[in-house]
Structure formats: structure tokens, C-alpha cells
Number of protein chains: 2
Amino acid sequence: MTAPVPATTEPPAPRRSRRDSRRPQLLDAAARRFRRGGYSATSMRDIAGDAGMLAGSMYHHFPSKEDLLVAVHEEGIRRITKAVEEALDGVRGPWQRLEAAAAAHLAVLLDGGDYAVVVIRELPHESAALRRTLAPVRDAYEDIFRRLVDDLPLSAATPRHHVRLMLLGALNWSQTWYRPGGEAPEAIARGFIRLLRGEH
Amino acid sequence: MTAPVPATTEPPAPRRSRRDSRRPQLLDAAARRFRRGGYSATSMRDIAGDAGMLAGSMYHHFPSKEDLLVAVHEEGIRRITKAVEEALDGVRGPWQRLEAAAAAHLAVLLDGGDYAVVVIRELPHESAALRRTLAPVRDAYEDIFRRLVDDLPLSAATPRHHVRLMLLGALNWSQTWYRPGGEAPEAIARGFIRLLRGEH
DNA sequence: GTCTATAGCAAGATAGAC
DNA sequence: GTCTATCTTGCTATAGAC
């Protein structure tokens with residue numbers, strides 16, 4: 001038996017019932033549907049059907065459709081934050097760090113599945129719960145990029161918020177034109193950073 | 001009386017009944033609602049109410065909700081194309097032309113009302129009719145920027161599609177963070193173009 | 001934990017009076 | 001051209017059997 005050590009990694013993880021085994025599948029199905037059709041156009045029947053159950057059964061796992069959206073958002077932000085922080089680990093040089101973060105952001109957004117796309121595209125105007133609960137978490141994520149841009153060696157006259165907004169806008173918009181099999185996320189990120197550095 | 005000259009400007013304009021006077025108001029209301037709440041979450045009753053009529057009455061003007069969305073898109077693309085072409089008129093110098101187009105695009109998107117926002121954000125995954133009918137028109141609009149980027153004096157090694165995608169992505173994404181009263185669209189466009197030119 | 005069954009409601013759309 | 005009234009369908013969510 002493992003002694004009750006003070007856990008530093010792996011936070012307590014909200015205690016749910018012993019075997020809420022279908023919850024991840026429901027969340028996956030929801031993320032996929034929300035991505036493809038949007039939140040409003042997706043029905044609980046759609047999601048339940050994808051997970052192999054009937055609509056009524058979902059309410060054992062999630063109390064409402066809105067809670068489902070919040071859960072997808074939480075998971076999406078968790079994944080994208082983790083990916084970016086891991087990509088930054090050990091990288092030195094301000095431009096190199098910005099490029100690493102951009103590449104990781106893009107990789108999760110374009111190849112990392114449905115959660116991140118929902119976070120980026122399904123804006124919180126859908127739900128008041130989303131705004132209240134998740135706006136701070138989103139802001140915390142954007143702060144990573146704010147700090148990376150602050151570290152760049154730019155002239156004092158260059159408005160740094162333009163750099164951040166331009167890069168994040170270009171990255172986030174990419175999910176509208178990207179098609180799997182095209183240019184790799186790392187290549188796109190490298191290209192965008194090169195342009196920002198004025199190399200052309 | 002005007003003789004039936006072969007019209008070159010002002011295309012025939014789909015003949016509707018003599019006094020379809022409420023149609024513009026309905027279209028305005030729809031654009032506003034689609035922008036704020038999204039297409040799926042907006043009901044015909046919402047739109048009709050905003051225009052001061054009941055839901056059933058709308059069907060005298062538009063045969064379906066989807067037709068309403070298509071009409072909003074058409075009008076939005078028309079406005080944004082017109083604004084950019086007018087902004088380009090008489091401007092010389094490849095970077096100056098790109099900046100003028102970017103500023104006009106941004107001005108319509110941020111201060112120009114609801115139509116353009118719907119065009120940009122309410123992507124055609126909503127409706128098969130949108131994809132078929134309007135994808136070519138959207139592509140034609142993007143071609144304006146493709147040509148402007150082709151005219152830039154860049155080294156042969158610079159991938160020009162990165163320039164176009166980065167700029168349009170940054171511009172289109174701006175409607176997620178822009179707040180009226182902040183930096184003017186022209187200033188944002190100028191800042192983005194300066195970054196692309198490598199001036200920092 | 002999933003099912004059947006259904007309550008309760010709002011949606012898009014139509015018919016016909018005025 | 002707008003109204004009233006309504007049809008039909010689909011939705012979220014709940015209750016209770018198994």
C-alpha cells in the first residue's frame with residue numbers, strides 16, 4: 001500500500017464515484033460534436049448516441065448540457081497549457097522560446113484533437129457559467145505568451161501587445177484553413193515567427 | 001425615362017415585390033442576433049420580435065431561417081469587398097496597398113456592424129447551402145489579399161502564403177479581443193503591417 | 001449505471017382570416 | 001403584409017423500473 005504522501009503532482013482530482021468509466025467517452029463525444037457542429041446545434045441525444053447510450057443516461061454523469069461544455073473547456077485548457085509548458089522546458093533564447101510555445105499551441109490546436117478547438121472557437125458567449133468559471137483560466141494561459149513577448153529584444157517603440165495579438169490571432173485562426181496532411185504545425189509556427197522577426 | 005442601357009454597374013438586383021420595405025430591418029435584426037448569439041441559438045421569434053413583427057410574418061420575406069443566413073452572408077461579403085476595393089483606389093506602393101486593404105477590412109469588421117462579423121465568424125459548417133453558394137465568393141475576396149501579397153518585394157525564400165495567412169488570421173481574430181473605444185482599426189492595421197515589414 | 005417513458009417546452013414552418 | 005392559431009418535431013431534463 002502506498003502511504004498518504006503529500007501529493008505535489010497529480011492534484012486531488014475531483015472525487016467522482018469509483019467507476020465513472022464512461023465519463024471520458026462522453027466527454028470525448030461532446031468535444032467532437034461541439035467542435036463539428038457547435039454547442040447549440042449539438043443535442044444531448046447526439047452525444048449520448050456517439051458514446052453508445054441514451055440521452056437520459058447521460059444525466060447520471062453530467063447534470064446538464066452546460067456542465068458538459070464547461071468540462072470540455074476545462075480539459076481543453078488543461079491540455080493546451082500542459083503542452084506549452086512542456087515545450088518551453090529547457091529552451092533558451094527569447095525568440096526560440098516564443099517559437100516553441102507557438103509550435104506547441106499550434107500542434108494541440110491542429111492535431112491535438114477536439115478539446116482545444118472547442119476552447120479556442122466556442123467562445124464563452126454561449127454560457128454565463130463559462131464566462132465566470134473559465135475566463136480567469138483563459139487569461140492565465142494568455143499570460144504565458146504575454147511574458148514570452150515581454151522577453152523579446154524589441155525596440156522601445158514597438159508595441160508589444162501587437163506582437164502578442166498578431167501571433168496568437170494568426171495561430172488561432174489557423175484552424176479555419178488548416179487541413180491535415182498540409183504543412184506541419186511546427187513549420188507553420190517557424191514561418192510565422194520568422195516573419196515577426198523581420199526575416200524576409 | 002431611362003432607356004434600357006446594358007447595365008455594367010449595379011447588377012440587376014434580384015427583383016422582389018414593389019415594397020418589401022421590412023426586409024432590410026429583418027436582415028439587420030438577423031445579422032445582429034447571429035452575431036451575438038450565433039445562428040443555432042437564435043430563433044425566428046427573436047429576429048421577428050426585434051423587427052417588430054411575429055414569427056409567422058417573416059416567412060413572407062424569407063422562405064426559411066437558412067435563407068436568412070445566406071442573405072446576411074451575401075450582404076456582409078458585398079460590404080466588406082466594397083470597402084476594401086474603395087480603400088485601394090488610387091493607393092500606390094505594395095506595402096501601402098496592403099496596409100490600406102488591411103485597415104479597411106478591419107474597419108468593417110470592428111466598427112462596420114454585424115454583417116461582416118457574421119461572415120467572418122459564423123463559418124459555413126452551419127449550412128450546406130452556405131458552402132455551395134458562398135464559398136466561391138469568399139474565395140474571390142481572399143484573392144484580393146493574395147494578389148496584394150504577391151506584389152510585395154520579398155525575398156524569393158519567403159513563403160508568401162505565410163504572409164497572407166498570418167495577416168488575415170491576425171485581422172480576423174481581432175474581433176475576439178477588440179473593444180470599441182480602444183485602439184482604432186487603422187492603428188491596429190498599421191501596427192500589424194509594421195511588424196510584417198520587420199520594423200522593430 | 002442504463003433503460004423506458006414522458007413531462008414540459010420551444011423551435012421552424014404553414015394555413016387562412018383580415 | 002401581418003396577424004392568430006396551430007401542426008409537427010425536436011429539445012433538455014426528470015422519474016422510476018430494472
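Chain A is the first sequence line, chain B the second, and so forth, proteins listed ahead of strands; every chain is numbered from 1. Bear in mind the structure is a predicted one, so any value in this text is a computation, not a measurement.
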* Are H60(A) and dG1(C) close enough that a side-chain N or O sits under 4.0 Å from OP1 or OP2? -> yes
* Structure fact -> From CE of M58(B) across to C1' of dG1(D) the rounded distance in Å is 13 Å
* What string of B, S and - do you get for nucleotides 6-18 of chain C, 5' to 3', if B is base contact, S is sugar-phosphate-only contact and - is no contact with any protein heavy atom under 4.0 Å? -> -----BBBB----
* Structure fact -> Checking D28(B), D50(B), D114(B) against R33(B) for salt bridge (Lys or Arg N to Asp or Glu O under 4.0 Å), the one that qualifies is D50(B)
* What is the distance, rounded to the nearest whole Å, between atom CE of M53(A) and atom P of dT2(C)? -> 4 Å
* Structure fact -> Closest heavy-atom pair, L171(A) versus L109(A), reported as atoms and distance to 0.1 Å, is O-CD2, 3.6 Å
* **Side-chain donor-acceptor contact under 3.5 Å, H61(A) with Q25(A)** => no
* Nearest heavy-atom neighbours spanning L106(A) and A189(A) -> CD2-N, 3.9 Å
* To do: Measure from the ring center of H73(B) to the ring center of Y39(B) and say whether it is less than 6.0 Å.
  => no
* To do: Can you tell me the distance, in whole Å, between the CZ atom of R22(B) and the C1' atom of dC3(D)?
  => 13 Å
* Whole-Å gap separating P (dT2(D)) and CZ (F62(B)) -> 12 Å
* How are the rings of F145(A) and H105(A) set relative to one another: parallel (under 30°), tilted (30 to 60°) or perpendicular (over 60°)? -> perpendicular
